[in-house]
Amino acid sequence: LVPIAPTWRLTANLGELDPAGVFRAQQAGQGRIRAEVDTRPVVAEIPVEVVPAALHRIEVQPQTLTLSAGEELPFTATGSDAFGNTIPITPRWELTAALGTISATGTFVARRVGAALVQAWVDQLSGQASVLVKPSTLTSLTIAPAGPLSLTAGDATTLAVSGYDAYGNTVAVSPTWSQTAPLGTLSPDGSFRAEKVGRTALVVQSNGQSAAVQVTITPGKLTRMAISPADVALRAGDTLRFQTTGFDAYENEVEVQPTWRVVNDIGEISPTGEFTAMQAQTGQVVATAAGIAGQAQVTVHPGPLTLLKVTPEDLRLRAGEAAEMGVVGYDTFGNVVPVQPVWQVTAGMGSI
């Protein structure tokens, strides 16, 4: 034995080798540990192989990912020991929220909007990455209430529109509203006020998609009533059937069953609106329903002459005396009828 003071060297970057010859393995690989003595060209070496230690860390790539619903992307997982040496692994893949599916090989298919962690597990050790799923392109619109709607004129409703992608995720929309028939006032925010009787569809459009709700509009409350004819002249004894038309606040016709009456006793009217003229004067025919009244102006003229009354009815004169006679004509209802009588005297009693 010869005492020596060797110099220790590593032929590869496998770890740390201190001056005392203590080797601490760190990097996986192969090389040689060499002892050199400078005083003489003496070298001794041994081969050394460093293999990875126990699995210490799992790294998932990509670390952060943003996808739209319907897209897919593979994740990869790499294992390493405490010194960063790569260790082949076959992890078990999991999602912390049900945003889609992830295959046994780490391919993630996005479906639902939200955020989650993608985890790769080996025994009790895991690595993870964050994933954010955004909505895909708009594929459908829905309207609430869905209808069909039945409104009376004057009613108002506000429609709400929602947009969805192919996977049922909510998509922001910029709706444009229209009506297939202009039966009311439709504002840009989807508020609709029914005005005209009929049927229409309220249509919303956004980004090439559309939806519609059917609306049926019926008349509102009675606010006005018209009588036809509105102004008429009749002769006593004439008959005329009056017609009524009811209207709501938007001039839609409203069915009415009015109660009839006559003002100024100018005649009689039946429950069905058939008027019989009697007294020669001006008056009104009035129809009333639900607290709303309408009227027609009626002028009654005398009817045909049916009676003459001469005054005085009894006259006694002496020969040579004179008296003025008067005559008034009447129709069947006692209305005075202007007459131009022709006078004559019988039996040659005198002259007139």
Q) Taking all atoms of both residues into account, what is the closest heavy-atom pair of Ala53 and Asp81, and its distance? A) N-OD2, 2.9 Å
Q | Polar side-chain atom of Arg241 near backbone of Thr272 as donor-acceptor pair, under 3.5 Å | A | yes
Q. Are any of the side-chain heavy atoms of Ile269 and Thr276 separated by less than 4.5 Å?
A. no
**Q.** Value rounded to 0.5 Å, distance of CD in Gln295 from OG1 in Thr244
**A.** 14.0 Å
Q: Report the C-alpha distance between Asp165 and Thr137 in whole Å, list the side-chain angles of each, state the deciding distance to 0.1 Å, and finish with yes or no for side chain to side chain contact (heavy atoms under 4.5 Å, CB included).
A: CA-CA 6 Å; Asp165 63 14; Thr137 56; 5.9 Å; no
Q) Under 3.5 Å, is there a donor-acceptor pair between the side chain of Asn252 and the main chain of Pro219? A) no
**Q.** Test item: Glu253 and Phe247 side chains (from C-beta on) under 4.5 Å apart, heavy atoms
**A.** yes
(Q) Around atom CZ of Arg92, are there more than 12 heavy atoms from other residues, nucleotides or ligands closer than 6.0 Å? (A) yes
Q: Evaluate whether atom CG of Asp265 has more than 12 neighbouring non-hydrogen atoms of other residues, nucleotides or ligands under 6.0 angstrom away.
A: no
Q. Going by heavy atoms in the side chains, are Ser270 and Trp260 under 4.5 Å from each other?
A. no
Q.
Are Val173 and Leu141 packed together at the side-chain level, in the sense that at least one heavy-atom pair is separated by less than 4.5 angstrom?
A. yes
**Q.** Path from Trp177 to Val203 over hydrophobic side-chain contacts below 4.5 Å
**A.** no
Q | Euclidean distance, Gln344 CD relative to Ser351 OG, rounded to 0.5 Å | A | 13.5 Å
Q: Side-chain contact test, heavy atoms from C-beta onward, threshold under 4.5 Å: evaluate it for Phe275 versus Val262 and give yes or no.
A: yes
Q. Roughly how far, to the nearest 0.5 Å, is the CG atom of Leu55 from the CG atom of Asn85?
A. 11.5 Å
Q: Determine, using the 4.5 Å side-chain heavy-atom cutoff (strictly less than), whether Met325 and Leu305 are members of one ILVMFWY cluster.
A: yes
Q. Are any of the side-chain heavy atoms of Thr158 and Phe192 separated by less than 4.5 Å?
A. no
Q: Before giving the answer on salt bridge (Lys or Arg N to Asp or Glu O under 4.0 Å), spell out for Glu251 and Lys196 the whole-Å C-alpha distance, their side-chain angles and the decisive distance to 0.1 Å.
A: CA-CA 8 Å; Glu251 292 301 300; Lys196 295 298 181 181; over 6 Å; no
Q) Judged by atom type as modelled, is there a donor-acceptor pair below 3.5 Å linking the side chain of Ser210 to the main-chain atoms of Gln205? A) no
Q: Looking only at non-hydrogen atoms, find the nearest pair between Val161 and Val204 and report the distance.
A: CG2-CG1, 3.9 Å
Q: Could you walk me through whether Thr200 and Thr180 pass the side chain to side chain donor-acceptor pair (under 3.5 Å) test, one step at a time?
A: CA-CA 6 Å; Thr200 187; Thr180 56; 3.3 Å; yes
Q. Just how far is it from atom CG of Leu183 to atom CZ of Arg199, taken to the nearest 0.5 Å?
A. 11.5 Å
Q.
If we ignore hydrogens and angles and just use 3.5 Å, is the side chain of Gln281 paired with the main-chain N or O of Asn264 as donor and acceptor?
A. yes
Q. Is Lys309 close to Tyr330 at the side-chain level, that is, under 4.5 Å between some pair of heavy atoms?
A. yes
Q. Going by atom types alone, do Arg34 and Thr11 pair a side-chain donor with an acceptor below 3.5 Å?
A. no
Q | Minimum heavy-atom distance between Leu99 and Ala116, given as atom pair plus value | A | CD1-CB, 3.5 Å
Q.
Between Thr223 and Asp248 (side chain of the first, backbone of the second, donor and acceptor by atom type, cut-off under 3.5 Å), is there such a pair?
A. yes
Q | Non-hydrogen atoms of Val109 and Arg111 that approach each other most closely | A | CG1-NH1, 2.8 Å
Q) Is there a side chain to side chain donor-acceptor pair (under 3.5 Å) between Gln61 and Glu59 once you walk through the steps? A) CA-CA 7 Å; Gln61 290 293 337; Glu59 182 177 352; 2.7 Å; yes
Q. Which is it for Val50 and Phe23 under the side chain to side chain contact (heavy atoms under 4.5 Å, CB included) test, yes or no, and what are the steps along the way?
A. CA-CA 11 Å; Val50 179; Phe23 173 61; 4.0 Å; yes
Q. Thr306 side chain to Asp331 main-chain N or O, any donor-acceptor pair under 3.5 Å?
A. yes
(Q) Within the structure provided, determine whether Tyr164 and Gln209 are in side-chain contact (heavy-atom separation under 4.5 Å). (A) no
Q: For Gly303 and Arg235, work out which heavy atoms get closest and say how close.
A: C-NH2, 3.4 Å
Q: Could you give me the CA-CA distance, side-chain angles and deciding distance for Ile292 and Val256, then say whether side chain to side chain contact (heavy atoms under 4.5 Å, CB included) is met?
A: CA-CA 10 Å; Ile292 304 299; Val256 293; over 6 Å; no
(Q) Quick check on Asp189: does its CG atom have over 12 non-hydrogen neighbours (other residues, nucleotides or ligands) under 6.0 Å away? (A) yes
Q. Does one side chain, of Ser174 or Ser206, offer a donor that lies under 3.5 Å from an acceptor on the other?
A. no
Q: Determine yes or no for a side-chain-to-main-chain donor-acceptor pair under 3.5 angstrom, with Thr139 supplying the side chain and Ala166 the backbone.
A: yes
Q. Sub-3.5 Å donor-acceptor pair from the side chain of Thr299 to the main-chain atoms of Thr282, do we have one?
A. no
Q: Would you confirm whether Asn169, through its side chain, and Pro135, through its main-chain N or O, come within 3.5 Å as a donor-acceptor pair?
A: no
Q: Please test Glu195 against Thr185 for side chain to side chain contact (heavy atoms under 4.5 Å, CB included), starting from the C-alpha separation and ending with a verdict.
A: CA-CA 7 Å; Glu195 294 173 354; Thr185 300; 2.8 Å; yes
Q | Over all atoms of both residues, closest heavy-atom pair of Ser136 and Ser68 | A | CA-CB, 4.4 Å
Q) Is there a donor-acceptor contact under 3.5 Å from the side chain of Thr107 to the main chain of Pro74? A) no
Q) Taking atom CD of Glu255 as the centre, does the number of heavy atoms from other residues, nucleotides or ligands within less than 6.0 Å exceed 12? A) no
Q) Out of curiosity, Leu234 CG to Ile266 CD1, how far, rounded to the nearest 0.5 Å? A) 8.0 Å
Q | hydrophobic_cluster_shared for Trp343 and Leu315, side chain cutoff 4.5 Å | A | yes
Q: Mark yes when over 12 heavy atoms from residues, nucleotides or ligands other than Arg32 sit less than 6.0 Å from its CZ; otherwise mark no.
A: yes
Q | Spacing of Leu132 atom CG and Thr64 atom OG1 [to the nearest 0.5 Å] | A | 10.0 Å
**Q.** same_hphob_cluster(Leu222, Tyr250) at 4.5 Å side-chain heavy-atom cutoff
**A.** no
**Q.** Joint cluster assignment, Ile102 & Val131, ILVMFWY side-chain distance < 4.5 Å
**A.** yes
**Q.** Whether over 12 other heavy atoms sit under 6.0 Å from Gln284 CD
**A.** yes
